[in-house]
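A quick write-up on the structure given underneath.
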Amino acid sequence: MTTETTLDVLPEEEKATKKSTQTTLEEVKQVTQPAAEEKAVKPVQEKPVVKADKAPVEPKKAPVKAEVKQEAQPEKKADAAPEVTAKKVAEPKQTATEAKQVPVHVYDTIVVGAGISGIAAAYKMNQAGYHDYIVLEKAARVGGTWRDNNYPGCGCDVPSAVYSFSFSPSHKWSHLFAKQPEILSYLEEVVEKFDLGGKIELNNELISARWDESKHIWTLETSKGPYQAKTVVFTTGPITEPSTPKIKGIETFKGEMFHSARWNHDYDLSGKRIAVIGTGASAIQFVPQVQPLAKQLLVFQRTAPWVLPKADMDLNETAKSVIGKFPVIQETWRQSIVQILNGINFGLRHPKVLKPVNFLSRQLLKLQISDDELRKNVTPNFDIGCKRLLFANNYYPALQQDNVSLIPHGLVEIDGNTVIAANGERHEVDVIILGTGFEVSHPPIGKRVYDADGQVLADRWKDSSPEAYLGASIENVPNAFLVLGPNILVYDSFIGIAEAQVDYIVNGLLKMKAQKFTRFEIKRDVVRYHNLKVQKHLKTTVFNAGGCKSYYLDQNGRNFAAWPWSLTELKNRLKEMDLNQYNIGS
């Protein structure tokens, strides 16, 4: 399973049936990092404006200034003077009427989202000579999940050597595992370096996307108005909507409460009694940062995760300089990491291989935690890899500080400022921090996209599991693609997987243009056969057979997230789009 972001992908025991919390544009504007200066972006729909100097004024007529004076005289009627007619041509009301008569531009492709996948799509399209496209981004800057998640300690849990685009490797990382500010800066630098800013419409949120069968065109309603395109690529990703747990009495809490993905940097945590809900990927990063500030820190743990040592180290200026001068070092480093990740993926597909790792990890806990009771409470009761692997060197030391209490139970009720655990423990707190992950069991974009029958995808998936072909093509959703859709994730960098999927999609778009067809949709039998094979092979992986209930499994007990084969196999399948697997129409 891909885990390059250290973001909490989903609360450990959260059910997929939870009501999603819609991410709004206003929420995004609350990101506390200083916004980078953005390039001016061309409007998607350039409505022609009739300028005054183009009005049909005859050369010998009086200047407009003089005409305005005459028009202001009360005894004259507006329609009596021919010069007033000339002025009316330049009025905004008239130009708006004329502008409405101009057809709306229909793009070849609209990309939704300017995070990792959207940036990759823009670059790949430019390289392929495919230029009639635009990228819509709801926020004021690019970056996606790395823009929205800026909690203390946020960083990557896949080595930075592989956490960069293949077309733009970086030697600037200050750690073997990159931190959030550096990753966000890197993504913005890539946009600048390859001049992608002119293709990105910022502050423009998708509201809905509907397919017009009669015209073979997508109509997108956005916060800036309607757009049209022959094809759409949804690059919004699975980590976009924070999951807020349904806890009895949560509305009665009078203190400060926020989700890790919407961190309130303006609130001073010093000397506060703090409750942290969840012990997933984000919590194990921010808990060590919060602990020194808190008067008391309560960590509510429903299920103990596997937290392994992180082989991180600082890279000083000398090291960065050497890597920059000798690219072969970085390439060798990158390939070494790839081989290690391939080995981990092999173990996840063959759980028996991980048995020695399970034993060694339990022995390691004896060295990391001296207190018998605490060690017992943080020891997982399932095979390593069944839930998402977590990496940290400072999490267990933080739990052993005098001002920290691990509560090995979920939070079940809030009564005013009292938090109540499943075992009945009651504690007074000033702050609640939700480390409860994201809504990922169904692609969040499904709430805004309608299929060819006019049904919103979220409703279509409400009582079933989402399916796609190679995580990209959805049945009955023509001329549209997902990036990082269902059953595509491998333990590797999101960037590498996104690039492979984008290559596949761009290949299809180029074929559409070259062969001049106007509609293509994945065949139903192709989707069904592919997903039957996926689910069959997932049964023997650690995700399904490791003895845990994880976010990989939805409310139907079906693994909607993982890819059951190797990363090499995935990339081979994504090399070229086979149009025989699609219904083609004109």
Practice item. Mind running side chain to side chain contact (heavy atoms under 4.5 Å, CB included) on Cys154 and Trp146 for me, showing each step along the way? Key: CA-CA 9 Å; Cys154 182; Trp146 291 111; 3.8 Å; yes
Point to revise | Stepwise side chain to side chain contact (heavy atoms under 4.5 Å, CB included) check, Ile474 with Ile522 | key: CA-CA 7 Å; Ile474 301 173; Ile522 192 68; 5.8 Å; no
Practice item. Go through Phe165 and Glu499 one step at a time and tell me if the side chain to side chain contact (heavy atoms under 4.5 Å, CB included) criterion holds. Key: CA-CA 8 Å; Phe165 294 112; Glu499 276 197 62; 3.8 Å; yes
Point to revise | Pair Leu509-Asp108, side chain to side chain contact (heavy atoms under 4.5 Å, CB included): steps then yes or no | key: CA-CA 9 Å; Leu509 297 177; Asp108 283 343; over 6 Å; no
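Not a single donor-acceptor pair under 3.5 Å links the side chain of Asp430 to the backbone N or O of Gly255. With hydrogens and angles ignored, the 3.5 Å screen pairs a side-chain donor or acceptor of Thr235 with a backbone N or O of Val112. With hydrogens and angles disregarded, no donor-acceptor distance shorter than 3.5 Å links the side chain of Ser185 to the backbone of Pro181. The main-chain N or O of Thr219 is never found under 3.5 Å from a side-chain atom of Trp211 such that the two would form a donor-acceptor pair. Judged purely by atom type and a 3.5 angstrom limit, Asn342 has no side-chain atom pairing as donor or acceptor with the backbone of Ser566. No side-chain donor-acceptor contact under 3.5 Å links Ser208 to the backbone of Val449. A donor-acceptor contact shorter than 3.5 Å links the side chain of His259 to the backbone of Gly437. A donor-acceptor pair is defined here as one N or O able to donate and one able to accept, closer than 3.5 Å; no such pair exists between the side chain of Trp173 and the backbone of Leu176. Judged by distance alone, the side chain of Gln285 and the main-chain N or O of Gly155 form a donor-acceptor pair under 3.5 Å. Looking at Tyr133, its side chain does come within 3.5 Å of a backbone N or O of Ala122 through a donor-acceptor pair.
When side chains are defined from C-beta on, Gln289 counts as touching Asn394, because their heavy atoms get closer than 4.5 Å. Under the 4.5 Å side-chain criterion, counting only non-hydrogen atoms from C-beta, Lys513 is not in contact with Lys230. Residues Asn203 and Lys138 are not in side-chain contact: their nearest non-hydrogen atoms beyond the backbone lie 4.5 Å or more apart. Put simply, the side chain of Thr244 does not reach to within 4.5 Å of the side chain of Met257, judged on heavy atoms. Looking at heavy atoms from C-beta onward, Arg302 lies out of side-chain contact with Leu411 at the 4.5 angstrom threshold. Looking at Thr109 and Asp132, their side chains never come closer than 4.5 Å, going by heavy atoms from C-beta outward. Counting heavy atoms from C-beta on, the side chains of Tyr552 and Leu489 never come closer than 4.5 Å. Counting heavy atoms from C-beta outward, Leu457 and Trp461 have side chains that approach closer than 4.5 Å.
Taking every heavy atom of both residues into account, Val142 and Ala114 meet most closely at CB-O, 3.4 Å. Across all their heavy atoms, Tyr163 and Cys156 have their closest contact at CD1-SG, 3.5 Å. Annotation for Val158 and Leu341: closest pair CG1-CD1, 4.4 Å, computed over non-hydrogen atoms. Across all their heavy atoms, Pro466 and Asp554 have their closest contact at CD-OD2, 4.5 Å. Residues Gln501 and Leu482 come closest through the heavy atom pair NE2-O, 3.8 Å. For the pair Glu241 and Pro444, the tightest heavy-atom approach, listed with the atom from each and the gap, is OE2-CB, 3.6 Å.
Residue-environment remark: CZ (Phe326) stays at or below the threshold of 12 foreign heavy atoms within 6.0 Å.
Checked by atom type, the side-chain pair Gln335/Glu331 shows a donor-acceptor distance below 3.5 Å. Side chains of Ser170 and Ser164: a donor-acceptor N/O pair is absent below 3.5 angstrom, by distance only. A donor-acceptor contact closer than 3.5 angstrom is absent between the side chains of Glu205 and Thr222. No side-chain donor from either of His175 and Asp312 sits under 3.5 Å from a side-chain acceptor of the other.
The CG atom of Leu269 sits 5.5 Å away from atom CD1 of Ile433, with the distance rounded to the nearest 0.5 Å. Here the CD1-CD1 distance, from Ile384 to Ile344, works out to 9.0 Å after rounding to the nearest 0.5 Å. Put simply, NZ on Lys575 and CG on Leu570 are 12.0 Å apart, with the number rounded to the nearest 0.5 Å. Note that CD1 of Ile217 and CG of Asn479 are 10.0 Å apart. Values are rounded to the nearest 0.5 Å. From Ile274, atom CD1 reaches atom CD of Gln291 across 10.0 Å, with rounding to the nearest 0.5 Å. In this structure, Tyr491 OH and Asn345 CG are separated by 9.0 Å, a value rounded to the nearest 0.5 Å.
Between Lys320 and Glu317 there is a salt bridge, with a side-chain nitrogen of the basic residue lying less than 4.0 Å from a carboxylate oxygen of the acidic one. At a threshold of 4.0 Å, the pair Arg147-Glu137 counts as salt-bridged, since one of the basic side-chain nitrogens sits closer than that to a carboxylate oxygen. Salt bridge Lys124/Asp503: present, at least one basic N to carboxylate O contact under 4.0 Å. Comment: Glu256 does not engage Lys272 in a salt bridge, judged by the lack of any side-chain N to carboxylate O separation of less than 4.0 angstrom. Note on Lys224 versus Glu201: salt bridge recorded, some NZ/NE/NH1/NH2 to OD/OE distance being below 4.0 Å. Salt bridge annotation for Arg210-Glu221: absent, with no cationic side-chain nitrogen under 4.0 angstrom from a carboxylate oxygen.
Residues satisfying the side-chain contact (heavy atoms from CB on, under 4.5 Å) criterion with Pro159, sequence neighbours excluded, are Phe177, Ile337. Applying the side-chain contact (heavy atoms from CB on, under 4.5 Å) criterion to Val456, with sequence neighbours excluded, gives Tyr450, Asp459.
In this pair, Phe286 and Tyr151 present their aromatic rings perpendicular. The plane angle is above 60°, beyond the 30 to 60° band. In this pair, Trp563 and Trp565 present their aromatic rings perpendicular. The plane angle is above 60°, beyond the 30 to 60° band.
If you look at Tyr469 and Phe481, their ring centroids are not closer than 6.0 Å. When ring centroids are compared, His105 and Tyr107 come within the 6.0 Å threshold.
Tyr186 does not carry Lys172 over the face of its six-membered ring by the limits of under 6.0 Å from the centre and within 45° of the normal.
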